[in-house]
Number of protein chains: 2
Amino acid sequence: MAYQTFDPGLENRPIRDIAYEQLKHAIITGQIPAGSRIVETVYADQLHISRTPLREALRKLERDGLVEYVLHRGVVVRAFTIDDIDEIFTIRNAMMMLILPSVVENVTDEALARLREILKEMDVAQEKADADALAVLNREFHGSIEHLSDKLRILRVIDSQEEYIKRFSALAIASVVRRSNAHQEHHQMVALLENRDLEGLKKLMHHHLEESKETCLAAVREKHYS
Amino acid sequence: MAYQTFDPGLENRPIRDIAYEQLKHAIITGQIPAGSRIVETVYADQLHISRTPLREALRKLERDGLVEYVLHRGVVVRAFTIDDIDEIFTIRNAMMMLILPSVVENVTDEALARLREILKEMDVAQEKADADALAVLNREFHGSIEHLSDKLRILRVIDSQEEYIKRFSALAIASVVRRSNAHQEHHQMVALLENRDLEGLKKLMHHHLEESKETCLAAVREKHYS
DNA sequence: GTACAATAAATTGTATACAACCAAGGATGA
DNA sequence: TCATCCTTGGTTGTATACAATTTATTGTAC
């Protein structure tokens, strides 16, 4: 068959990466339920690609811990429990504490201006109670802060959990109360960053992520997701 | 060509995993220097395998962050600095603090007996100043403690750094002074575990890993590794 | 009907073939 | 001499073919 000539705009990535992201998304959202066996030919046909790039995508998922490989039996989707969510947020929180010193150290006026810009957009979204927009802006906001750090390996750990965070922090933002508190906290964060107040920022960020976790866990428990 | 029919004993893993580990080892030990481009055909020939399993190994290394992928240009070995070592130990220390509560909670008499057994072997190795044996036992000792925890995702983060730790903590163990201190600390750890003294253990473990890091960094700086 | 052996089907593991792309160098023309 | 186009060699991207292994199925004996 012909190559996948989708290529929207400038993107010309290998289709193994497309497959990787699609599978990752499908697993995290539960479209492919935990315990499912991923038979290569089935998914290759479904994605209209050959087994080769699909297998490379599976190897990546394997390193991510999303699927488990069994000798001569291929991969199975790993289970995903409330404890996982707890751990993911806990890891993220701990990593954040590790990078904050370098974040405060490296913050520039340009970065602060950018954060204030995002905050303004968040004000609007908050006003309109647009949870979807807030979820996107929220990731942008936190991402901008995190990537002020030069601790590349720690950032890599955070980024490896990024996809989960995206999904689950959206759940937290769905809560009206949490949304309002989080919004205030975001404003406070920028103020603390402005003053280079490391201790204050650490305390606030820790609280912020802890609250997000609790709200998210409550939401998940309610939906009896596990 | 015929399949790689090496298969020593019971091991019958796919050769992509063999390739993965060999490449990983070669990169971490510096046999393949940072910045090198890994041309698939070259290494496939060298390992006497085809490109397919090699590519799957490369995808895993990509997720590990050991190599970097450039569109249509393949992978290059990422640089590996003193800062990386610092971060790796820092991450490990932070993760350890997160799992220790569950370690203390789950510790059993059998586990303690096992730890004392390892300690005894370490006594012998310490007596004989056998640094190589100590390095192995050291990993076994710490691994046994870590895996008392049921925080699987956090353990996964620790394990993902395992290979580095193996290499670098061996450097720390090469120091006679550090070796002696570490040995004492290991004995103290078991005592604290016995008493389920979480706070004491946290304090000691934090100190222990911090000292290992410093010794290792000093050794690396001396060898002007970076 | 159950147990076991033999066989067939499904699936993964590996190798190879070919297409697409990039980079470098030479040919052509001004 | 310089710029531009084209070609070509090298390398990655993908598809496919085939081998090996596991799992399911069938058949036969008891």
Side-chain angles (χ1 to χ4, degrees), chain A residues 1-24 27 32-33 35-64 66-78, chain B residues 1-24 27 32-33 35-64 66-78:
Chain A
M1 86 172 260
Y3 274 20
Q4 190 98 341
T5 51
F6 184 33
D7 196 354
L10 297 149
E11 294 251 48
N12 189 5
R13 298 175 306 154
I15 66 180
R16 63 162 177 270
D17 286 352
I18 315 254
Y20 166 69
E21 271 158 34
Q22 293 203 356
L23 285 173
K24 187 170 188 178
I27 291 171
I32 308 178
S36 307
R37 188 171 166 196
I38 294 188
V39 175
E40 295 172 3
T41 49
V42 172
Y43 283 85
D45 288 351
Q46 194 172 308
L47 296 171
H48 303 294
I49 62 178
S50 79
R51 279 177 58 217
T52 311
L54 182 83
R55 282 170 64 84
E56 295 189 38
L58 290 179
R59 296 293 89 77
K60 288 184 157 194
L61 293 170
E62 203 182 323
R63 284 315 287 160
D64 285 345
L66 280 172
V67 301
E68 196 169 8
Y69 166 76
V70 186
L71 188 64
H72 286 134
R73 301 210 39 190
V75 301
V76 239
V77 178
R78 286 170 68 100
Chain B
M1 90 175 254
Y3 273 22
Q4 190 98 342
T5 51
F6 183 33
D7 197 353
L10 297 151
E11 293 249 51
N12 189 5
R13 297 176 306 153
I15 65 179
R16 63 161 177 269
D17 286 351
I18 317 253
Y20 167 69
E21 271 159 33
Q22 292 202 357
L23 284 174
K24 187 172 186 176
I27 290 172
I32 308 177
S36 307
R37 187 171 165 194
I38 295 188
V39 175
E40 296 171 4
T41 48
V42 172
Y43 283 85
D45 288 352
Q46 195 173 308
L47 296 170
H48 303 294
I49 62 178
S50 79
R51 279 177 59 215
T52 311
L54 182 82
R55 283 171 62 86
E56 296 190 36
L58 290 179
R59 296 292 90 76
K60 287 184 157 194
L61 293 171
E62 204 183 320
R63 283 315 287 163
D64 285 345
L66 280 171
V67 301
E68 195 169 8
Y69 167 75
V70 186
L71 188 65
H72 285 131
R73 302 214 36 187
V75 300
V76 274
V77 177
R78 286 169 69 100

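Distance from the side chain of Ser50(A) is smallest for dA15(D) among the nucleotides dT11(C), dG13(C), dA15(D). Here dA15(C) is the nucleotide among dA15(C), dT11(D), dG13(D) with the atom lying nearest to any side-chain atom of Pro53(B). When distances are taken from the side chain of Glu40(B) to each of dT14(C), dT12(D), dT22(D), the shortest belongs to dT12(D). Distances from the side chain of Tyr69(B) to the nucleotides dG13(D), dA15(D), dT12(C) place dG13(D) closest. If you check dG13(D), dT12(C), dG13(C) against the side chain of Arg51(B), the one that comes closest is dG13(D). Nearest to the side-chain atoms of Arg73(A) among the listed nucleotides dT11(D), dT11(C), dT23(D) stands dT23(D).
Residue Leu61(B) forms a side-chain contact (heavy atoms from CB on, under 4.5 Å) with just one option from Arg78(B), Lys24(B), Glu68(B), and that option is Lys24(B).
For the pair Ile38(A) CD1 and dT12(C) P, the computed distance is 10 Å after rounding to whole Å. A straight line from CG of Leu71(A) to P of dT12(C) spans 12 Å, rounded to a whole angstrom. If you measure from atom CZ of Arg55(B) to atom P of dA15(D), you get 11 Å, rounded to the nearest angstrom. Taking atom CD1 of residue Ile15(B) and atom P of nucleotide dT12(C), one finds them 17 Å apart after rounding to whole Å. In this structure, CD of Glu56(A) is placed 8 Å from P of dG13(D), rounded to the nearest angstrom. Atom C1' of nucleotide dT14(C) and atom OH of Tyr43(B) are separated by 22 Å, given to the nearest angstrom. Taking atom CG on Leu47(A) and atom P on dG13(D), their separation rounds to 18 Å, with Å as the unit. Taking atom NE2 of His48(B) as the reference point, atom P of dT14(C) lies 16 Å away to the nearest angstrom.
Side-chain atoms of Thr52(A) and base atoms of dT16(D) include a donor and an acceptor less than 3.5 Å apart.
In this structure, Pro14(A) and Leu71(B) have side chains that are in contact, with non-hydrogen atoms separated by less than 4.5 Å.
Between Ala19(B) and Leu47(B), the closest heavy-atom pair is CB-CD1, 4.1 Å.
Arg16(B) comes within 4.0 angstrom of the backbone, heavy atoms only, and of no base. Contacts of Leu54(B) with the nucleic acid, taken as non-hydrogen atoms under 4.0 Å apart, are absent.
The residue among Val70(B) and His72(A) whose nearest nucleotide of DNA chain D lies closer to the 5′ end is Val70(B). Comparing Pro14(A) and Arg37(A), the nucleotide of DNA chain D nearest to each residue sits closer to the 5' end for Pro14(A).
When atom types are taken as modelled, the side chain of Arg37(A) and the backbone of Arg73(A) share a donor-acceptor pair closer than 3.5 angstrom.
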Practice task
Could you give me the CA-CA distance, side-chain angles and deciding distance for Tyr20(B) and Arg63(A), then say whether side-chain hydrogen bond (donor to acceptor under 3.5 Å, both in side chains) is met?
Solution key: CA-CA 12 Å; Tyr20(B) 167 69; Arg63(A) 284 315 287 160; 3.2 Å; yes
